[in-house]
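Residue numbers begin at 1 in each chain, while the letters A, B, ... track the order of the sequences. Keep in mind that this is a model prediction, so the values were computed, not measured.
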There are 2 protein chains.
Amino acid sequence: MKKVTINSVASYAGVSKKTVSRVLNNEPNVSDATREKVLKVFKELDYTPNPIARGLAQNRSFIIGCLYDNPSKSYITRVQTGALAACHELNYNLLIHPCELRGEELISNIEHLIQTSRLDGIVLTPPFSDFPELVSFLKSKKIPYARVASAVLEDDSISVRSNDEQGAFEITEHLIKLGHKEIAFIKGHPDHSATEQRFKGYRRALASNGIEFDERLVEEGNFSYHSGVDSARTILDLNPRPTAVFASNDYMAAAVLKLATQMQLRVPDDISIAGFDNAPIARHIWPGLTTIAQPVEEMTQQAVKQLITHISDPQESPYQVTLEAKLITRESTAAIK
Amino acid sequence: MKKVTINSVASYAGVSKKTVSRVLNNEPNVSDATREKVLKVFKELDYTPNPIARGLAQNRSFIIGCLYDNPSKSYITRVQTGALAACHELNYNLLIHPCELRGEELISNIEHLIQTSRLDGIVLTPPFSDFPELVSFLKSKKIPYARVASAVLEDDSISVRSNDEQGAFEITEHLIKLGHKEIAFIKGHPDHSATEQRFKGYRRALASNGIEFDERLVEEGNFSYHSGVDSARTILDLNPRPTAVFASNDYMAAAVLKLATQMQLRVPDDISIAGFDNAPIARHIWPGLTTIAQPVEEMTQQAVKQLITHISDPQESPYQVTLEAKLITRESTAAIK
DNA sequence: CTGAAAGCGCTTACAG
DNA sequence: CTGAAAGCGCTTACAG
């Protein structure tokens, strides 16, 4: 079977390859008759343009890189799902790039990635969305980028986020309305801007309900299950013990639940537990975790879609969107007795 | 800043571009002096060859596709980690392709993928590793492929698996040695060859220990948490109730644990529970799940590495390897009282 | 509205 | 051991 290229199509249709190219790219200046003729030959010969040849001529790869470093596999999968959806829609490919590096090593790693893979653009997910050195490096290299779930908004970039601060506010207020006043809080990883945002929402809810903030109720976690265990140990040993715990993500909340169960505490009767993210584990344990759901796929899809649009037409104006987070109540929180 | 290409390097080094190409590809027939001179210019000019131009000339994309459809995010992430490691090592890129299609739709979807993305090869992960129609389609199209965790071994393909049957045998025997005789079993998804393998191991362990197989103790699951809940409901209502449950993966085992807890059963005092896969959830719940760990990253890495090697040099002989699975005991299983 | 020429950055096949 | 020419399958810039 002979390979079918733009040349076969051109000769078969009896036109020049430039004309075929015009039809391919939906360019104007082709008569309807010619266009249809060519389109028909596409089908007959089952022609698909070679993206590599296209890439060489246009100096682009049709590849978007997706950068992440997240302990939550489900979060990563959701990010990929959204990014992939946008890529498929716009005939791009997605290159995943998990990366644990920081600082200078991170920069040189990304530089190498860009140089070897010739990415057309890069989508930054937490915690990278808010790394100033990385963002300014990409700017200096003129690599288009989009940021997902970033806390910092700049004027000239593509950024799609959801409202972490508001989500944390709502879940804290949910606990307060159930009668809780001593609500412990477990922070996330300091690299993630969400950590600060969620803490702010917690404090704002306390403040707006006239509850004094108590530093002793706050523990430093890092989003991992393991850090949740450590924080839980301290919190559950507190005297008096808080009546509720709000962990900055579901893994840490699950850790609190595990430790509470081991200590013979009944959840939610003896203590209420809330998480954040609506990870699968939130409904895979018993009792199910009250948590906050964010539209991760939607955020990433919008970000990547906008990024590709920007690559194809750099005139596009900046795109900054904030999507809503949603409170999901399950069995792990209840009214105080 | 001017782009640095093979031409800039050639003129800067005072050689022809063919010579530069030879150095680039580590070909013979270049004098050591010339080679070093060129290598030096590479560094000075910070030159990296353009993979797209290379791809066009060689009619290859340097892209491997990774096909999967798995409810377990952690499994997918592990697959990706292994595949990525092999790709990085051999200067390939990885294209992820989650896909829920089956039958004809699957074939045409993959055909489209291959045609538009010009993959050089494809790595099949469960359940696709054992889809005969897909495998023969790839063969007919002469697309190199490798299979991960396949049960069926063919003579002429690349296949890296771990021993599911043996793993299931060992965990069942572990339960038997703890004194259990009535051990319920929850099957996985029928599309996955592991489902049959694990069931076989379970039956072999019963047989080799003189325990009669009881069909009423077997439930059909599909690897999802939800299916585990359904199966658990039936099993835990059995009279007499089995003293142990072996679920074909950890999600379903976690579901059994949840339901048992809701029914006020103590695990492992009242009932032992075992899973398979050593997914994160196995250690994120209390009690932790006794399970079987497979070297998923290692399997995938070997498969992809071998695949790329085969692409570069189709003379390579078939590569079939079986890696060991390992029993991990946690708190969810104990001796019968 | 259409096309001939040149070029993208490499490699292949050949000649010396 | 080295290189000039042609080509991979497209697009760009230009001419008509």
Side-chain angles (χ1 to χ4, degrees), chain A residues 1-39 41-42 45-63 91 93 115-118 120 311-313, chain B residues 1-39 41-42 45-63 91 93 115-118 120 311-313:
Chain A
M1 197 184 84
K2 197 79 174 68
K3 255 185 308 181
V4 14
T5 71
I6 199 173
N7 288 307
S8 5
V9 173
S11 70
Y12 195 92
V15 298
S16 77
K17 67 182 183 186
K18 173 64 227 189
T19 299
V20 177
S21 171
R22 271 190 265 260
V23 175
L24 215 48
N25 295 291
N26 258 309
E27 285 171 28
N29 296 330
V30 184
S31 74
D32 286 354
T34 317
R35 191 179 297 272
E36 281 193 23
K37 188 168 57 182
V38 174
L39 249 17
V41 176
F42 282 175
L45 267 44
D46 194 20
Y47 170 70
T48 354
N50 184 332
I52 300 180
R54 234 176 176 177
L56 182 59
Q58 290 188 116
N59 191 28
R60 54 197 274 194
S61 61
F62 297 97
I63 293 177
N91 292 314
N93 279 157
Q115 202 159 141
T116 54
S117 296
R118 311 274 158 156
D120 289 345
I311 290 165
S312 309
D313 178 14
Chain B
M1 196 184 84
K2 197 81 174 59
K3 254 185 307 182
V4 15
T5 72
I6 198 173
N7 288 306
S8 4
V9 173
S11 70
Y12 195 91
V15 298
S16 76
K17 67 183 183 187
K18 174 64 229 189
T19 299
V20 177
S21 170
R22 270 191 265 261
V23 175
L24 215 47
N25 295 291
N26 256 309
E27 286 171 28
N29 296 330
V30 184
S31 73
D32 287 353
T34 317
R35 192 180 297 274
E36 280 193 22
K37 186 169 59 182
V38 173
L39 248 17
V41 176
F42 282 174
L45 267 44
D46 195 20
Y47 170 70
T48 354
N50 183 332
I52 300 180
R54 234 175 174 177
L56 183 59
Q58 288 187 119
N59 191 30
R60 54 196 276 194
S61 61
F62 298 97
I63 293 177
N91 291 314
N93 279 156
Q115 202 160 141
T116 53
S117 295
R118 312 274 158 152
D120 289 345
I311 290 167
S312 308
D313 178 13

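- Across all strands, Pro28(B) comes closer than 4.0 Å to no nucleic acid atom at all (heavy-atom distances).
- Here Asn26(B) contributes atom CG and Arg35(B) contributes atom CZ; the two are 6.0 Å apart, rounded to the nearest 0.5 Å.
- A distance of 10.0 Å separates OG1 of Thr34(B) from CZ of Arg22(B), quoted to the nearest 0.5 Å.
- Taking only side-chain atoms of Ala57(B), from C-beta outward, the nucleotide of dC10(C), dG3(D), dC1(C) with the closest atom is dC10(C).
- The backbone N or O of Arg118(A) lies less than 3.5 Å from a partner atom in the side chain of Ser61(A), making a donor-acceptor pair.
- Remark: dG3(D) base-pairs with dC14(C); criterion is Watson-Crick or G-U wobble with both hydrogen-bond distances under 3.5 Å.
- Summarising the geometry, the separation between CG on Asn59(A) and P on dG9(C) is reported as 7 Å, rounded to the nearest angstrom.
- Rounded to an integer number of Å, the gap from CZ of Arg22(B) to P of dT2(D) is 8 Å.
- Remark: Gln58(A) is not in phosphate contact with dC10(D), judged by side-chain N or O atoms under 4.0 Å from OP1 or OP2.
- Between dT2(C) and Thr34(A), a contact under 4.0 Å exists linking OP1 or OP2 to a side-chain N or O.
- Note on Asn25(B): a side-chain N or O is less than 4.0 Å away from OP1 or OP2 of dT11(C).
- A donor-acceptor pair is defined here as one N or O able to donate and one able to accept, closer than 3.5 Å; no such pair exists between the side chain of Asn93(A) and the backbone of Ile63(A).
- Comparing atom distances between the Val30(B) side chain and each of dT2(C), dT2(D), dG9(D) picks out dT2(D) as nearest.
- Within 6.0 Å of the CD atom in Glu36(B), the count of heavy atoms belonging to other residues, nucleotides or ligands does not exceed 12.
- Following rounding to the nearest Å, Leu56(B) (CG) and dG7(C) (P) show an atom-to-atom distance of 17 Å.
- Residue Lys3(A) places at least one side-chain N or O under 4.0 Å from the OP1 or OP2 atom of dG9(D).
- Atoms CG (Asn7(A)) and C1' (dA4(C)) sit 13 Å apart, rounded to a whole Å.
- Between the P atom of dC8(C) and the CZ atom of Arg118(A) lies a distance of 14 Å, rounded to the nearest Å.
- Proximity of Thr5(B) to the phosphate of dG9(C): no side-chain N or O atom is located under 4.0 Å from OP1 or OP2.
- A donor-acceptor distance shorter than 3.5 angstrom exists from the side chain of Asn50(B) to the backbone of Ile52(B), with no hydrogens or angles considered.
- An OP1 or OP2 oxygen of dT11(D) is reached within less than 4.0 angstrom by a side-chain nitrogen or oxygen of Ser21(A).
- Counting any heavy atom pair closer than 4.0 Å across all strands shown, Pro49(B) reaches sugar-phosphate atoms only and no base atom.
- Spacing between atom CD of Gln115(B) and atom P of dG9(D) amounts to 14 Å, rounded to whole angstrom units.
- Distance, Leu24(B) CG to dT2(D) P: 16 Å, rounded to whole Å.
- Contact between the side-chain N/O atoms of Lys18(B) and the OP1/OP2 oxygens of dT11(C) is not found at any separation under 4.0 Å.
- Note on Asn29(B): a side-chain N or O is less than 4.0 Å away from OP1 or OP2 of dC1(D).
- Rounded to an integer number of Å, the gap from CZ of Arg54(A) to C1' of dC8(D) is 16 Å.
- One finds no side-chain N or O of Thr19(B) lying less than 4.0 angstrom from the OP1 or OP2 phosphate oxygen of dC1(D).
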